[in-house]
Number of protein chains: 2
Amino acid sequence: MSAAQDDHRPEAGTDPRAPRRRDAAGTRQLLLESARDLFATNGYRATTVRDISEAAGVNVALINRYFTSKVGLFQACLSGAVNELGAVPRNISLEQISSRITAQLAGVDKARHPHQLLLLLRTSGDEQAEEIRLGILHSFAERLASAAGWEPEDPDSDRMLLHAQVALSAALGISLLRASTGLEPLASAGEQELAEPFHRLITALLSRT
Amino acid sequence: MSAAQDDHRPEAGTDPRAPRRRDAAGTRQLLLESARDLFATNGYRATTVRDISEAAGVNVALINRYFTSKVGLFQACLSGAVNELGAVPRNISLEQISSRITAQLAGVDKARHPHQLLLLLRTSGDEQAEEIRLGILHSFAERLASAAGWEPEDPDSDRMLLHAQVALSAALGISLLRASTGLEPLASAGEQELAEPFHRLITALLSRT
DNA sequence: GCCGTAAGTAAACAACTGCTGACTTGCCTC
DNA sequence: GAGGCAAGTCAGCAGTTGTTTACTTACGGC
C-alpha cells in the first residue's frame, strides 16, 4: 500500500469495533478510492453503494452525504482520475508516451490504482457523467496526437485525431480485455511483452509519414 | 428503437391487442435477438428481463421458460453470436480479414445486429458465460493469427498470438468507444475513414517480418 | 466543564430486480 | 366437436437497490 493515501485512513491498525475517528475529508477520500476501484473493476451497475461503503469501512449514508448520490460519487471518481492520469509533460515524445501507457496497461502501480484507465470505459447512464468521461477521453486523444506533432490548425487535423483516438481505443481495449478475461497470453503478459506490440501500434498509427 | 426487426416476428403489422400467434421457436428467436441487442448496447446488469421481454413484445415469464434464467439467455446470446460472426473462410488473407472487421466496426448491417462485437465485452459475473466468452475471444484471436501465417507449432507462437490479441483488443476498443461515447471524429467515422488506420494497425501488428 | 456543531449510525422506505406458480387460451389430433 | 397439451398470461414473492430520516456521539471553542 502507498503511504500517501494511508495518511488519510484513520488509524489503520485500531480495533475496528472502536468508535470511528471523525475526519470528514479522510472518509470522503476513503470512499472515493474504494469507489474508483470497484467502479473500474466491476462497472457502474454491478457496483452497489453498500459494496463501496463496506470496502471503505464507512456507513452507507455517508455516500449521499458527501456525494449526493451514487452517480455523484461516480462523477467525482472521473474528475479525480483525470488529475492523476493527466500529469503528462507538455512536449513528450511519442516513445515516451507509448512507454507510459504500456506501464499503465501492465499495471505497474496496480496496488495503488488498479486499472485506472478502465474507469473511462464505464458508463453510468447519467448524462453529466458521460460528458465528463467524454471530455477526458477527448483531451487524452488530443495529447496523444500532439505528441505525434499534431497542431489544431493542421490541414488534415481530423485524420490525425482519428488515428490518435484509434490508438487510445486500442489501449483501452487491451486494458479491458486484460482485466475482464483470462485471455492468454494477453492477460498475463508483462510490461516487456506488452511494450513491443503496443509500440508498433503507436508508431504505425501516429508517426509522421 | 428499430421498428421491424425480423422475419421471425409473428405477423408484424397486426393489431398488437390481438392475441399473440403461438410459435415457440419464433418467440425464442425474438427474445434472443432483443436480448442480444440490449446486452450489447447497455451491458448485462443494465439490461433487465422486463426490458428484453418488452422489446420482444413477449411476456416476461417466457424468458425463464425458454432460457431458464437471465444468464441462461445471456449464454444463449453468446453462443449464437459465434455462429454469425464466425463464418470466416479458412485461408483468408490479412487484407480481407482487416476489411471484414472494419465493416463490422462501421456497422454495415447495424440495422440487423447492432454492435455484435460488443457482446464479447459484456460480463455477467456468471462463470459459465465467462468461459463461453473467453472461448470465442480466443478462437477469434487464433483465426486472426493464422490469417497472418501463424501455425500452432510456431517457435514464437506466443508472440504472434499476443499480437493478434492486441489487434483484437483494438477492434473491440474501437467498437466500444464508438458505441458508448460521442468521441469525435471516431464515433461517426465511416467505413472508409476507419479502414485506413485499422489496416495500418493490423499490418503493423501481424504482417510477417 | 459545557455545549453547539458536525460526523457518523441505524433503520426503514419505496421502487425495482429476477423469478415462480397457478391460471387461461389457442392449436392439433382423434 | 371434445380433449390434451403446449404456449402464453398474470399477479405476486422475496431479495436487492439507492436514498432518506431521525437519532446518537465525538470534537473544539468558549
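Numbered from 1 within each chain, the chains take letters A, B, ... in sequence-line order.
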Cation-pi check, K70(A) onto Y44(A) ring (under 6.0 Å, within 45° of axis):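 Yes, a cation-pi geometry holds between K70(A) and Y44(A).
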Student check: side-chain heavy atoms of F67(B) and Q75(B) closer than 4.5 Å: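 The answer is no, as the side chains (C-beta and beyond) never meet within the 4.5 Å cut-off.
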Selection from [options] that lies nearest to any side-chain heavy atom of [X]:
| X | options | answer |
| --- | --- | --- |
| N64(B) | dC19(C), dT19(D), dG8(C) | dC19(C) |
| T48(A) | dG18(C), dG8(C), dG18(D) | dG18(D) |
| V49(A) | dT9(D), dT17(C), dG18(D) | dG18(D) |
| R22(B) | dT19(D), dA7(D), dG8(C) | dA7(D) |
| K70(A) | dT20(C), dG18(D), dG8(C) | dG18(D) |
| R50(A) | dG8(C), dT19(D), dG12(D) | dT19(D) |

Is there a side-chain contact between [X] and the phosphate of [N], meaning an N or O under 4.0 Å from OP1 or OP2?
| X | N | result |
| --- | --- | --- |
| S69(B) | dG18(C) | no |
| T27(B) | dA7(D) | no |
| N59(B) | dG8(D) | no |

Can you tell me how far [atom2] of [N] sits from [atom1] of [X], to the nearest Å?
| X | N | atom1 | atom2 | result |
| --- | --- | --- | --- | --- |
| D126(A) | dT19(D) | CG | P | 11 Å |
| D51(B) | dC16(C) | CG | C1' | 11 Å |
| D23(A) | dG8(C) | CG | P | 7 Å |
| F74(B) | dT17(C) | CZ | P | 18 Å |
| I63(B) | dT20(C) | CD1 | C1' | 14 Å |
| R45(B) | dG18(D) | CZ | P | 10 Å |
| L31(B) | dT9(D) | CG | C1' | 14 Å |
| F67(B) | dT20(C) | CZ | P | 15 Å |

Heavy atoms under 4.0 Å, any strand shown: does [X] hit a base, just sugar-phosphate, or nothing?
| X | answer |
| --- | --- |
| Y66(B) | sugar-phosphate |
| V60(B) | nothing |
| T47(A) | sugar-phosphate |

Residues R200(A) and E196(A) bridged, charged N to O under 4.0 Å: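 Yes, this pair counts.
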salt_bridge(R133(B), E130(B)) N-O dist < 4.0 Å: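 Salt bridge between R133(B) and E130(B), a charged N being under 4.0 Å from a carboxylate O: yes.
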Nearest-0.5 Å distance that lies between atom CZ in R159(A) and atom CG in L161(A):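 Output value for this atom pair is 12.0 Å.
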Nearest-0.5 Å distance, CG of residue L205(A) to CZ of residue F198(B):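 With rounding to 0.5 Å, CG (L205(A)) is 10.0 Å from CZ (F198(B)).
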Residue mapping more 5' on DNA chain D - nearest nucleotide basis, R65(A) or L62(B):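 Result: L62(B).
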